[in-house]
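Lettering of chains follows the sequences in order, A, B, ..., and the numbering in each one begins at 1.
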Protein chains: 2
Amino acid sequence: MSSFRAQKMAKKKQEILRSAAAVLVEKGYQGTTMEEIAAKLLMTKGSMYYYFKNKDDLLYQCHLMIMEICLDGIEEVIDSNLTPVEKLRSAIKEHILLATSEKSMFMALSKPNHSFSEKQLQEVLELRKRYSHYFDRIIHEGIDKQVFCPVDVKMVRLIILGALNWIQEWYDQNGPQSAEEISEAYASYLLKMLMVVKG
Amino acid sequence: MSSFRAQKMAKKKQEILRSAAAVLVEKGYQGTTMEEIAAKLLMTKGSMYYYFKNKDDLLYQCHLMIMEICLDGIEEVIDSNLTPVEKLRSAIKEHILLATSEKSMFMALSKPNHSFSEKQLQEVLELRKRYSHYFDRIIHEGIDKQVFCPVDVKMVRLIILGALNWIQEWYDQNGPQSAEEISEAYASYLLKMLMVVKG
DNA sequence: ACGAAATTTAAACACAAGTTCAAAAAATAA
DNA sequence: TTATTTTTTGAACTTGTGTTTAAATTTCGT
């Protein structure tokens, strides 16, 4: 019955979340204003409160949405039949494409500064941990199959994700190199870090 | 004569800048308040204005100070007689030590969002470019001497600095691994990315 | 110790941004 | 069309924070 209404509301929520994500990534948590989020959609800030309890709630759900997209991407890679090398390459490329095009990543909530409730914070941290864990699994698999040399998995994962996440700091849509080129280069250089030296 | 007074004033400015840098790194630009900076020094926010024109001026000079420390560190490395490998290792370790102990890096002003004047912004960007350039020089030197394999220097530098800068997002003073251990690991893994494969 | 200069304070002000709300407008069902 | 429900609006309220300022306090040379 009212599923039509419900759908419409859900769609509007999505729009708002997308707009919020864009501002969030560009301006950071403190710099994101309800007004700017609304303005992008030709709405007034007051009407945001019809869809979300408050700013924190909005930005929290924004994080959930972003993380969900990321997780969907890497889970597809994990479940594929690719070799560890190709899995890692895919995961890296996927991450970069998301970070540059979709322009949203877990960056904004880097440090747990926000006024998120403890429950919200734990949820976001949990999703992030799950994402990191998938990278660890790929690396482990590679080591087991002896296509990657034995390394401190956590350290290498931190290096990789650090390098990837930093891209948003300098990436420019109109810059000389496309996201595609960047991701190719990043994947090959980062993989080299893990390659066994064939004598 | 009054150089005593001047010195005292300079010292106080330094203290304020240090306090500001700490808050800045932790809270980000928008999250940094004059009150918090002052509170750390048992001062009132009003007295900050005796030393700095306004918040922007303070945070701008804060950036200059941070960049100067970074540049001093890497210039010492550049001018040394170390091999390219050791130079890069030193630069990486120096950067990590600064980022974790001194806890200040160019992070905070990542994207040019702020209300900095155009002149201030250009100055900060210029210093940052200089810092990046030193890394490029080391990598180039290694390639020329054939201890590093030929790579896209800019890309590799972005990967390295990205990985390093991201450390502040997760580093915890009381965590299991010391900054020293982290820097050792990072240096060795990142260098592997550049090593020529000896057949 | 005295007076001038330097420094700090606390209160006041301005303004931006999150939030609330009653009324208006739009959408929908009858 | 009319009545009811949903959605949007715009203004008002609140709070936090940057900034100013006059007065109080401290510092320091003589």
Side-chain angles (χ1 to χ4, degrees), chain A residues 1-24 26-63 108-109 113-117 120, chain B residues 1-24 26-63 108-109 113-117 120:
Chain A
M1 302 299 114
S2 76
S3 95
F4 171 66
R5 276 272 160 76
Q7 268 187 311
K8 212 179 129 187
M9 178 140 192
K11 188 186 167 192
K12 195 84 183 216
K13 272 192 186 176
Q14 281 289 328
E15 281 179 39
I16 296 174
L17 286 177
R18 282 191 170 278
S19 177
V23 183
L24 190 58
E26 194 183 347
K27 300 288 180 65
Y29 181 83
Q30 307 275 356
T32 298
T33 74
M34 297 297 275
E35 194 133 37
E36 189 167 355
I37 295 170
K40 285 208 172 198
L41 301 168
L42 304 178
M43 301 171 78
T44 58
K45 61 178 176 178
S47 52
M48 310 271 95
Y49 291 85
Y50 182 71
Y51 298 95
F52 298 93
K53 203 160 99 288
N54 54 35
K55 184 182 174 186
D56 280 335
D57 180 39
L58 201 173
L59 296 190
Y60 165 63
Q61 297 204 35
C62 191
H63 272 287
L109 173 98
N113 288 328
H114 313 313
S115 37
F116 283 5
S117 73
Q120 290 176 325
Chain B
M1 299 301 114
S2 77
S3 93
F4 172 65
R5 277 268 159 81
Q7 270 186 310
K8 210 179 132 188
M9 180 144 191
K11 187 186 168 192
K12 195 84 185 217
K13 272 192 186 173
Q14 282 289 329
E15 281 178 38
I16 295 174
L17 286 177
R18 283 190 170 279
S19 176
V23 183
L24 190 58
E26 193 184 348
K27 301 287 179 69
Y29 181 83
Q30 307 275 358
T32 298
T33 73
M34 297 297 276
E35 194 133 35
E36 189 167 357
I37 295 170
K40 283 207 173 199
L41 301 167
L42 303 178
M43 300 171 77
T44 59
K45 62 178 176 177
S47 53
M48 310 270 96
Y49 291 84
Y50 183 71
Y51 298 95
F52 298 92
K53 203 159 101 293
N54 53 36
K55 184 183 174 184
D56 280 335
D57 181 39
L58 200 173
L59 295 190
Y60 166 64
Q61 297 204 35
C62 191
H63 272 287
L109 174 99
N113 288 330
H114 312 314
S115 38
F116 282 7
S117 72
Q120 290 175 325

Undergrad: Determine the contact category for Lys45(A): base if any of its heavy atoms lies under 4.0 Å from a base atom, sugar-phosphate if only primed atoms, P, OP1 or OP2 are that close, otherwise nothing.
TA: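 Contact class for Lys45(A): base.
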Undergrad: If you compare every side-chain N and O of Lys12(B) against the phosphate oxygens of dA6(C) (OP1, OP2), does one of them come in below 4.0 Å?
TA: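 False: Lys12(B) side-chain N/O out of range (4.0 Å or more) of dA6(C) OP1/OP2.
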Undergrad: Below the 4.0 Å mark, does dT19(D) have OP1 or OP2 next to a side-chain nitrogen or oxygen of Tyr49(B)?
TA: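 Yes, Tyr49(B) has a side-chain N/O under 4.0 Å of OP1/OP2 on dT19(D).
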Undergrad: Grab the CD-P distance between Glu36(B) and dG16(D) for me, whole Å please.
TA: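 Rounding to the nearest Å, CD of Glu36(B) and P of dG16(D) are 14 Å apart.
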Undergrad: Do the side-chain N or O atoms of Tyr50(A) get closer than 4.0 angstrom to the phosphate oxygens (OP1, OP2) of dT7(D)?
TA: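 For dT7(D), OP1/OP2 do have a side-chain N/O of Tyr50(A) under 4.0 Å.
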Undergrad: In Å and rounded to the nearest 0.5 Å, what is the NZ to CE distance from Lys55(B) to Met48(B)?
TA: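 Interatomic distance, Lys55(B) NZ to Met48(B) CE, rounded to 0.5 Å: 13.0 Å.
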Undergrad: Where the side chain of Asn54(B) is defined as all heavy atoms beyond and including C-beta, which of dA17(C), dT19(D), dG18(D) is the nearest nucleotide?
TA: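 Taking heavy atoms from C-beta onward, the closest nucleotide is dT19(D).
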Undergrad: Quickly work out the Met34(A) CE to dG10(D) P distance and round it to whole Å.
TA: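 Met34(A) atom CE is separated from dG10(D) atom P by 17 Å.
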Undergrad: May I ask you to say what Ser47(B) touches in the nucleic acid, namely base, sugar-phosphate or nothing, with a heavy-atom cut-off under 4.0 Å?
TA: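 Base, at least one base heavy atom under 4.0 Å.
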Undergrad: From His63(B) NE2 over to Leu17(B) CG, what is the distance, rounded to the nearest 0.5 angstrom?
TA: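 It comes to 11.5 Å.
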Undergrad: Pairs counted only when both distances fall under 3.5 Å, Watson-Crick or G-U: show me the 5' to 3' dot-bracket for DNA chain D, [ ] for pseudoknotted crossings and | for other-strand partners.
TA: ||||||||||||||||||||||||||||||
Undergrad: Of all heavy-atom pairs between Ile16(B) and Phe52(B), which one has the smallest distance, and what is that distance?
TA: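 The pair with the smallest heavy-atom distance is CG2-CE1, 3.7 Å.
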Undergrad: Nearest-nucleotide wise, let me know which of Lys8(B) and Thr32(B) is further upstream toward the 5' end of DNA chain D.
TA: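 Nearest-nucleotide comparison on DNA chain D picks Thr32(B).
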Undergrad: Filter on side-chain hydrogen bond (donor to acceptor under 3.5 Å, both in side chains), then keep only pairs touching residues 32-50 of chain B, sequence neighbours left out; what's left?
TA: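 Checked against side-chain hydrogen bond (donor to acceptor under 3.5 Å, both in side chains) - neighbours excluded - the pairs reaching residues 32-50 of chain B are Lys27(B)-Glu36(B).
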Undergrad: Drop me the distance from Lys12(B)'s NZ to Tyr51(B)'s OH, to the nearest 0.5 angstrom.
TA: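 Interatomic distance, Lys12(B) NZ to Tyr51(B) OH, rounded to 0.5 Å: 5.0 Å.
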Undergrad: Take atom CE of Met43(A) and atom P of dA25(C), then tell me their distance rounded to the nearest Å.
TA: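 After rounding, the reported distance stands at 18 Å.
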Undergrad: So, is Thr44(A) close to the dT9(D) phosphate, meaning a side-chain N or O under 4.0 Å from OP1 or OP2?
TA: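 It does, given that an N or O in the side chain of Thr44(A) lies less than 4.0 Å from OP1 or OP2 of dT9(D).
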Undergrad: Using a 4.0 Å heavy-atom cut-off across all strands, classify Phe52(A) as base, sugar-phosphate, or nothing.
TA: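 Here Phe52(A) touches no strand at all.
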